[in-house]
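Numbers here are sequence positions counted from 1.
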Amino acid sequence: MLVLGIESSAHTFGVGVVGAGRVMSNEKAMFPISDKGLIPSKVAETHVKNAPTVVQAALDAAGVRLSEVEGIGYTRGPGLGPCLQVGELTAKSLAQKLAVPIAQVNHGVAHIEVTRLLTKMRDPLALYVSGGNSQILKATAEPFRHYAILGETFDIGVGNMFDNFARGIGLNPAWGSTVGKMASGGNYVKLPYTVKGMDFAFTGLLTNAIKLAATERKEDLCYSIQETAFSMLCEATERAMFLTKSTELCVCGGVAQSRRLKEMLKSIANEHRIKFGACADEYNADNGAMIAVVAERMLKKGMGSMVSECGIEQRYRVDRAVIV
Ligand code: FE2
């Protein structure tokens, strides 16, 4: 089945095409980062402008015509309302034009499922880390097979924490990557470390690190905030690994692009002799292909919606979506 997937939950308008479980294209346009952060209405305006071009680019890259598409998928949530609406409306208008069904996809499930597909994992424990989300998840058994949240952030996502920190100490945030780049060559400065069982919190770490900018080198603070935050995530993930007796561990989401985080998780997996995997950066960043992957499976199982049934949900929790 040839399915076109649309992702628009935050700064990225992404479109991917999938056929018979294989990713055929993955194109995107991103809202440019600024020191003001994400203003949802402005991002949505940019998505509206980019949508036709990105849809066409994804079709061209896949080598297919729009008329050949047999189903549409889009991100129902979670995400920023105005941004989600652009994806929803694009999906609805395409589905209406083509008279094909629509799948309403959970963004978090899509991150895990594309990783599971591309790393050839069967039933991994997943650390899902992005700007807005930081969760440890594992699939439950039938009859309602879904990703149960074993641990999560009590406050903000780790990616947003890095961007807020970068802004707070006068660096240009670049969707989390500024801190990672500045971290190399830094020395450790003691910062708060907050893990409660398999949950964690980042605001104490953030505010303390910003306060210390008056006396400490920026490189040292970047190194220390990154090491501390990732150690917290690793400790909680390792605990979940023991609890679930998992033999596979994956990391996904925008922050999974961090080489340092993957290195730390891999060393834990090696120590316990379990498989570790992450996909290429293009599938960890928000993208349309991951939405198409899940949408194709949903549509094949008859889980499509009519145009009139579609909507968005800014707080669509990952544990409410069925895994297909
Ligand atoms: Fe994401």
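Using a 4.0 Å cut-off between charged side-chain N and carboxylate O, R116 and D123 make no salt bridge. Using a cutoff of 4.0 Å between basic side-chain nitrogens and carboxylate oxygens, K49 and E45 are not scored as salt-bridged.
The number of heavy-atom neighbours closer than 6.0 Å to NZ of K275, taken from other residues, nucleotides and ligands shown, is above 12. Heavy-atom contacts from other residues, nucleotides or ligands closer than 6.0 Å to CD of Q96 number 12 or fewer.
A distance of 4.5 Å separates CD1 of I136 from CZ of F200, quoted to the nearest 0.5 Å. The CG atom of D220 sits 9.0 Å away from atom SG of C222, with the distance rounded to the nearest 0.5 Å. Here the CG-CG distance, from D319 to N106, works out to 9.0 Å after rounding to the nearest 0.5 Å. Atom CD1 of residue I72 and atom OG of residue S305 lie 13.0 Å apart, to the nearest 0.5 angstrom. Taking CD from E282 and CE from M290, the interatomic distance works out to 12.0 Å, rounded to the nearest 0.5 Å. The distance from atom CD1 of I149 to atom CE of M198, rounded to the nearest 0.5 Å, is 12.0 Å.
The nearest pair of heavy atoms linking P124 to K138 is O-CD, 3.7 Å. In terms of heavy atoms, A209 sits closest to I225 at CB-CD1, 3.8 Å. What you find for V3 and A292 is that their closest heavy atoms are O-CB, 3.8 Å. When every heavy atom of A229 is checked against every heavy atom of M161, the shortest pair comes out as CB-CE, 3.7 Å. Between S8 and C83, the shortest heavy-atom contact is OG-O, 2.7 Å. When every heavy atom of V318 is checked against every heavy atom of G108, the shortest pair comes out as CG2-C, 4.0 Å.
In this structure the side chain of T228 reaches within 4.5 angstrom of the side chain of Y188, judged on heavy atoms. Counting only heavy atoms from C-beta outward, the side chains of Y147 and Q135 never approach each other to under 4.5 Å. Under the 4.5 Å side-chain criterion, counting only non-hydrogen atoms from C-beta, H107 is in contact with D286. E227 is listed as a side-chain neighbour of R260, based on a closest heavy-atom distance under 4.5 Å. For the pair V195/R239, a side-chain contact is recorded, criterion being any heavy-atom separation below 4.5 Å from C-beta on. Using a 4.5 Å heavy-atom cutoff, the side chains of L94 and V69 are not in contact. A heavy-atom distance below 4.5 Å is not found between the side chains of L233 and M264. Residues I323 and I112 have side chains not in contact (no heavy-atom distance under 4.5 Å, counting atoms from C-beta outward).
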Task: Stepwise ring pair (Phe, Tyr, Trp, His ring centres under 6.0 Å) test for F242 and H272 - done: CA-CA 10 Å; F242 281 119; H272 299 291; 4.9 Å; yes
TODO: Go through V105 and T75 one step at a time and tell me if the side-chain contact (heavy atoms from CB on, under 4.5 Å) criterion holds.
DONE: CA-CA 5 Å; V105 179; T75 305; 5.6 Å; no
- [ ] Check the pair F13 / T90 against side-chain contact (heavy atoms from CB on, under 4.5 Å), numbers first and verdict last.
- [x] CA-CA 11 Å; F13 190 90; T90 310; 4.1 Å; yes
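Between the side chain of S134 and the main chain of T153, no donor-acceptor pair closer than 3.5 Å is present. Side-chain atoms of S224 come within 3.5 Å of backbone N or O of V189 as a donor-acceptor pair.
Y193 and E235 share a donor-acceptor pair across their side chains, judged by distance under 3.5 Å alone. Residues N284 and H111 bring no donor and acceptor atom of their side chains to less than 3.5 Å of each other.
No close placement of the F165 and F202 rings is indicated, their centers lying 6.0 Å or farther apart.
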